[in-house]
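One structure is given here, and the rest of the page talks about it.
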Amino acid sequence: MEADEGLILNVSSLPSPESHHSAGHKRCRKPLPSKDKWQPKALKRKLQWADEGAPSKQKHKLSVSPIKKCTQEANICVKGNLSSKSPPKKHSADRQNESLSSRPFIKTSCLFKNNPEIPEIRRGGVKQVQEKVFTSDSFSQLDLHPHLVSTITTVLKLSSMTSVQKQTIPVLLKGKDALVRSQTGSGKTLAYGIPLVQSLQGMKSKIQRSDGPYALILVPTRELALQSFDTVQKLLKPFTWIVPGVLMGGEKRKSEKARLRKGINILISTPGRLIDHIKSTKCIHFHRIQWLIMDEADRILDMGFEKDVTVILNALNAESERWQNVLLSATLTEGVTRLADISLHDPVSIAIVDETWDRTTPEQEAMCSPARMVEEGFAIPEKLKQHVVLVPSKLRLVTLAAFILGKCKFEKRHKMIVFFSSCEQVEFHHELLLKILLGGQKAEEPERLPLPSSHLKFLRLHGSMGQEERTAVFQEFLQCKTGILLCTDVAARGLDLPQVTWIVQYNAPASPAEYVHRIGRTARIGCHGNSLLVLTPSEAEYVNSLASHKINVSEMKMEDILSSLMKDDRFKGRQWGNKKSRGVNPQEVRERATVLQTEFENYVHSSEGTVRWAKKALQSFLRSYTTYPKTLKHIFHIKSLHLGHVAKSFGLRDAPQNLSTSMAASPGKKTKLKPKRPDLRRKTQGKGRLAEILRSEYSSGMDSGVSKVKRKKKHGKPGNQKMLT
Ligand SMILES: Nc1ncnc2c1ncn2[C@@H]1O[C@H](COP(=O)(O)OP(=O)(O)OP(=O)(O)O)[C@@H](O)[C@H]1O
């Protein structure tokens, strides 16, 4: 099959909204295959909660009309929606009840009916690979320039080395090539940054700016380029004659050319942008190149930049005889070991195995062979608590909202990143959550006024945003203590965003490696952190797939997440009036979830434009769903999705008709989806690779590259010009 063939979605082939026993749903009734200690219990929990604790029928009557059949609509009273159709029922004399009862019944389809059963996940005994983060050795024990040591201790305020630094710095100081794998947030940037600065400041003939690049650092994203630049710039504080610089796209080529002409000694770039300059900028040269560092090396190759990397290696080869090579990542793949084979000379492989590790015995040395590093599985930070929640499609949106409210509004002090699989979904959820959770939509109604919750700050980051806005958001989230960043995989790699306490993966990533990098945005450098992966019941087997890579997740119950709605009286159903809720009443939680869902649906259906916008987000979700690699297709298959239920998670009351996964498709017209970047076909090897790229939002910054979704703002100079030379 051709690379893009699998991306054509004919919705008529999907189950109809009524056929809730779709293939996927049937599938999840079967026990999960037992694999790697992950065993579902034979007994399944029914999604529909038991009635215990539910109010009496009498209480029900006011809000929920009898449900005749599964697919029927229920009438739920929702605050803040006025319609002349349903006359309000008076409740009690008090003012709040008055206002509550003056509201109509709003139709919303029954959230808690017709859902597939949720299989039980039993926690297995997967033993995760553990790395020790810190050592007791100080930087002064290394043979470094005293000014460099004092910069590390006074500017960066670091005292002891991390394990990866202790092992990598001496190797690189000896001039050796290295292949480095250590867990996310373990200090790999300084592991290469310190020896790089030490070697350049000590060169016999003092470096001149006009000499051009001595070192090239390749990273997959613009934000990571800026971050690495920032670290290198700090290390260079005492060595002002060495000039670092970033090429990352989004910025005008002209100003990058001008900076290249002036001279950049440590060049940090995304591969695509560098190729762009190699092809079009006369003054770029690599005569004096001494270092080539590829951070997130596996990602650089996965992105379809294999060919670009070859072009870069050839450009270096043509002008320089020998340079020191360093490849780093938390996850090394076979692609990287292949690259290591061709580009590294007698490399030292560094993997942090355990605290007793040293390289004195041949057995331990063998533990670090590149092949072993790939086989071994991924190390996850010890203090990172990983969770999974199984949520039927219809309930995904309210569960996400309840989770955000629970953590960021009621527990406070949380900083959260939520990952989505496409830019359109990020845009859509950002707007929707902002409007409904912050109450912006009905701000004119006093009871709907946004609560003064500075903790509920929503930001968004994805590859279709203009660079100025992207940099501004990145900086804002970097500095804020609380808040929620909705993003694509553009933020999955390398970003060091302090104090992030929760990572939510609303759409499952396409590979275990990406899972590891996404969750790696928390629990950095020995800190605590948490992650939550949201799966539908038919996707539960993904947990086994993670377990086979030694990734251990524990289950969180959807009901527990939804129960945080009990703390938010904005979503109180009418029949509960002013009654104080005692404890968590499952029936009341369900009704609050329904009220919240209705709020979402009302907003989405408030205009043709918002409906179109929700459909577009839904389309992009479906399109990304078709791009899971072959190895995961049995778990994530478009035919397992119940379109009507999925539509609900986009606030749409019905499954859109004649939906096509093409963004350009107009209603009633099915359009074949083509890759946004035709050259990707050429660069990638087969569908799997293309799928990977389409799912991700990495951008090389090549303007001729991945086409942009409508930009909110015009491109300008990067927000933080001071950071650039
Ligand atoms: N020796 C150290 N002591 C304390 N903090 C450190 C030390 N070295 C690095 N750090 C800090 O640890 C954080 C994570 O470092 P870094 O971003 O280099 O991790 P990484 O291993 O590259 O992560 P990823 O795999 O996600 O890219 C940074 O804030 C950095 O300043």
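Just follow the structure's listing: the first ligand is 1, and inside any ligand the first atom is 1.
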- line: protein heavy-atom neighbour closest to atom 5 (N) of ligand 1 works out as Leu158 CD2, 3.4 Å
query: Ion pair present between Arg322 and Asp177, side-chain N to carboxylate O less than 4.0 angstrom?
result: yes
Lys188 and ligand 1 - part of the residue with a heavy-atom distance under 4.0 Å: both
- line: Of all protein heavy atoms, the one nearest atom 8 (N) of ligand 1 is Gln165 NE2, 2.7 Å
task: Check Ser160 against ligand 1 and report side chain, backbone, both or neither, counting heavy atoms closer than 4.0 Å.
output: backbone
Minimum side-chain heavy-atom gap Leu535-Ile635 below 4.5 Å: no
- prompt: Pairs in or reaching into residues 146-200: which pass ring pair (Phe, Tyr, Trp, His ring centres under 6.0 Å), with residues at least two apart or in two chains?
  reply: His145-His147
message: Less than 6.0 angstrom separating the ring centers of His462 and Phe420, yes or no?
response: no
field: Protein residue, atom and distance nearest to atom 17 (O) of ligand 1, heavy-atom basis
entry: Arg524 NH2, 3.0 Å
- request: Please tell me if the side chains of Asp230 and Gln233 come closer than 4.5 Å, counting only heavy atoms from C-beta onward.
  value: yes
statement: ligand 1 to Phe134, heavy atom cutoff 4.0 Å, flagged ligand atoms 2 (C), 3 (N), 4 (C)
query: Under 4.0 Å from any heavy atom of Thr189, which atoms of ligand 1 are there?
result: 16 (P), 17 (O), 18 (O), 22 (O)
field: Arg521 neighbourhood, listing ligand 1 atoms whose heavy-atom distance to it stays under 4.0 Å
entry: 26 (O)
field: Per-atom contacts of ligand 1 with Phe139, taking only distances under 4.0 Å to non-hydrogen atoms
entry: 1 (N)
task: Under 4.0 Å from a heavy atom of Ser186: give me the atoms of ligand 1 that qualify, with their elements.
output: 19 (O), 20 (P), 21 (O)
message: Please confirm whether Arg493 approaches ligand 1 to less than 4.0 Å, judged on its heavy atoms.
response: no
message: Determine whether a donor-acceptor pair (N or O, by modelled atom type, separation under 3.5 Å) exists between the side chain of Tyr542 and the backbone of Phe636.
response: no
- prompt: With only distance considered, is Ala330 within less than 3.5 Å of ligand 1 through an N or O on each side?
  reply: no
task: Say whether Ser182, considering both its backbone and side-chain N or O atoms, lies within less than 3.5 Å of an N or O atom on ligand 1.
output: no
- request: Using a 4.0 Å heavy-atom cut-off, say whether Ile525 meets ligand 1 through its side chain, its backbone, both or neither.
  value: side chain
- prompt: Which bit of His517 is near ligand 1, meaning a heavy atom under 4.0 Å away: side chain, backbone, both or neither?
  reply: neither
- prompt: What protein heavy atom sits nearest atom 23 (O) of ligand 1, and how far away is it?
  reply: Gly185 N, 2.8 Å
task: Flag the pair Leu172 / Trp291 as yes when at least one side-chain heavy-atom distance between them is below 4.5 Å, and no otherwise.
output: yes
task: For atom 19 (O) of ligand 1, state which one of Gly187, Ser228, Ser329 supplies the nearest heavy atom.
output: Gly187
statement: Taken in chain and number order and not counting sequence neighbours, the residues that satisfy side chain to side chain donor-acceptor pair (under 3.5 Å) with Asp496 are Arg524
- request: Answer yes or no for atom 31 (O) of ligand 1: protein heavy atom present at a distance under 4.0 Å?
  value: no
- prompt: Going by the atom numbers of ligand 1, which of them fall below 4.0 Å from some non-hydrogen atom of Gln183?
  reply: 21 (O)
- prompt: Counting heavy atoms only, which part of Asp496 comes closer than 4.0 Å to ligand 1: side chain, backbone, both or neither?
  reply: side chain
message: At less than 4.0 angstrom from any non-hydrogen atom of Leu190, what atoms of ligand 1 do you find?
response: 8 (N), 9 (C)
message: On a heavy-atom basis, which atom in Val534 and which in Glu539 lie closest, and how many Å separate them?
response: O-OE1, 4.4 Å
- request: Over 60° means perpendicular and under 30° means parallel, so classify the ring planes of His430 and Phe458, tilted if in between.
  value: perpendicular
query: For Pro220 and Asp295, which heavy atoms make the closest approach, and how far apart are they?
result: CD-O, 3.7 Å
- line: One finds that the ligand 1 atoms under 4.0 Å from a non-hydrogen atom of Thr162 are 1 (N), 2 (C), 7 (C)
query: Side-chain contact, heavy-atom cut-off 4.5 Å: Thr471 with Gln467?
result: yes
statement: Closest non-hydrogen contact found for Ile352 with Ser182 is CG1-CB, 3.6 Å
